[in-house]
Enquirer: 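Below is one structure. I have some questions about it.
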Amino acid sequence: MQNILYCTIYVILVLSFNDEVASMPGNKTTKANNFLISKWKIWFSWFDHDKDCKVNAADLETARNRFANLHHLTSKRRKVAVDTYTKWWGEYLMWGQSEITEAEFVEYQRKAYESDKEMFVKRMWENEELVCNLMDIDGDGMITEKEHIVMFESAEHNDENVDRRWFNDLNPVNRKISVKTMVEIFLRFLTCDDSFKPDLIVELYQTDTL
């Protein structure tokens, strides 16, 4: 009887300790909900050009070449743009893999998010900083309608009417959107798990599926 009592006390103490550890900063478990996962799937679909539920190096080559060609870049600027496009695609979309399926892509996001949400948000901010600055081809901190359309068309989204409507619905000022604003819009899309908060990208996607 006494042994049972000691075991019970021991279990209670262990559980209490685990609760305290879990409540410490940096140790809280955050689960990725269905709303957030659905947004990661939308993001993946933009790069799955042939809709086979996987993205590979061939998709990258097509996208980055289209990006450089549509901007008519000189050889020097082309190399910089292609290298940046390759870094962004390989590190943030492919997670260093030569080929990745939708299920693998979502699982990479989920694990990173649930392991450390703060670091995940930082990663997504770095991702959007890189790609939005890539879009800003003249480096003035602003993204024009043309720069926006070229990025979309590089990823095989060739309905210019839809591309223009997206740009206009992102609330440009003087026909431009600041890189900072674009980063913030997409950061919310990729990291916010609250379906009750307005998400402009989700709203646009539901109106016009790219």
Enquirer: Angle class for the F189/W46 ring planes (parallel below 30°, perpendicular above 60°, tilted otherwise)?
Expert: parallel
Enquirer: Can you tell me which residue among F152, W88, W40, Y92 is in a ring pair (Phe, Tyr, Trp, His ring centres under 6.0 Å) with F47?
Expert: W88
Enquirer: Is any side-chain heavy atom of E156 closer than 4.5 Å to a side-chain heavy atom of T62?
Expert: yes
Enquirer: Would you say CD of E126 has more than 12 non-hydrogen atoms from neighbouring residues, nucleotides or ligands within 6.0 angstrom?
Expert: yes
Enquirer: Passes ring pair (Phe, Tyr, Trp, His ring centres under 6.0 Å), W43 versus F105? Steps please.
Expert: CA-CA 10 Å; W43 190 32; F105 178 83; 5.4 Å; yes
Enquirer: Kindly indicate whether the side chain of K176, heavy atoms from C-beta on, has any atom under 4.5 Å from the side chain of D140.
Expert: yes
Enquirer: Examine F186 together with W166 and report whether their ring centres are nearer than 6.0 Å.
Expert: no
Enquirer: Side-chain contact test, heavy atoms from C-beta onward, threshold under 4.5 Å: evaluate it for I177 versus H148 and give yes or no.
Expert: no
Enquirer: Does atom CH2 of W125 have more than 12 heavy-atom neighbours from other groups under 6.0 Å away?
Expert: no
Enquirer: Could you tell me whether the side chain of I100 reaches within less than 4.5 Å of the side chain of Y108, counting heavy atoms only?
Expert: yes
Enquirer: Strictly by salt bridge (charged side-chain N to carboxylate O under 4.0 Å, His left out), give each pair with a member in residues 60-70 just once, sequence neighbours left out.
Expert: none
Enquirer: Are M142 and L134 linked, directly or through other ILVMFWY residues, by side chains that come within less than 4.5 angstrom of each other?
Expert: no
Enquirer: Parallel under 30°, tilted from 30 to 60°, perpendicular over 60°: which one fits the rings of Y113 and F120?
Expert: perpendicular
Enquirer: Side chains of E102 and S45, heavy atoms from C-beta outward: is any pair under 4.5 Å?
Expert: no
Enquirer: So, R78 side chain and H71 main chain: donor-acceptor pair closer than 3.5 Å or not?
Expert: no
Enquirer: State yes or no: do M124 and V121 share one hydrophobic cluster built from I, L, V, M, F, W and Y residues joined by side-chain heavy-atom distances below 4.5 Å, directly or via other members?
Expert: yes
Enquirer: Are more than 12 heavy atoms, taken from residues, nucleotides or ligands other than N174, located less than 6.0 Å from that residue's CG atom?
Expert: no
Enquirer: Quick one: CD1 on I143 to SG on C132, what's the gap to the nearest 0.5 Å?
Expert: 5.0 Å
Enquirer: Within a strict 4.5 Å, meaning less than it, do heavy atoms of the L170 and I201 side chains meet?
Expert: yes
Enquirer: Donor-acceptor pair, S38 side chain versus F35 backbone, under 3.5 Å?
Expert: yes
Enquirer: Applying salt bridge (Lys or Arg N to Asp or Glu O under 4.0 Å), run through E118 and K122 and close with a yes or a no.
Expert: CA-CA 6 Å; E118 184 176 329; K122 182 176 183 293; over 6 Å; no
Enquirer: Taking a hydrophobic cluster as the set of Ile, Leu, Val, Met, Phe, Trp and Tyr residues connected by side-chain heavy atoms closer than 4.5 Å, whether directly or through intermediates, do W95 and L93 fall within one such cluster?
Expert: yes
Enquirer: Heavy-atom count around D52 CG within 6.0 Å, excluding the residue itself: above 12?
Expert: yes
Enquirer: Can you check whether D138 reaches E147 side chain to side chain, under 4.5 Å on heavy atoms?
Expert: yes
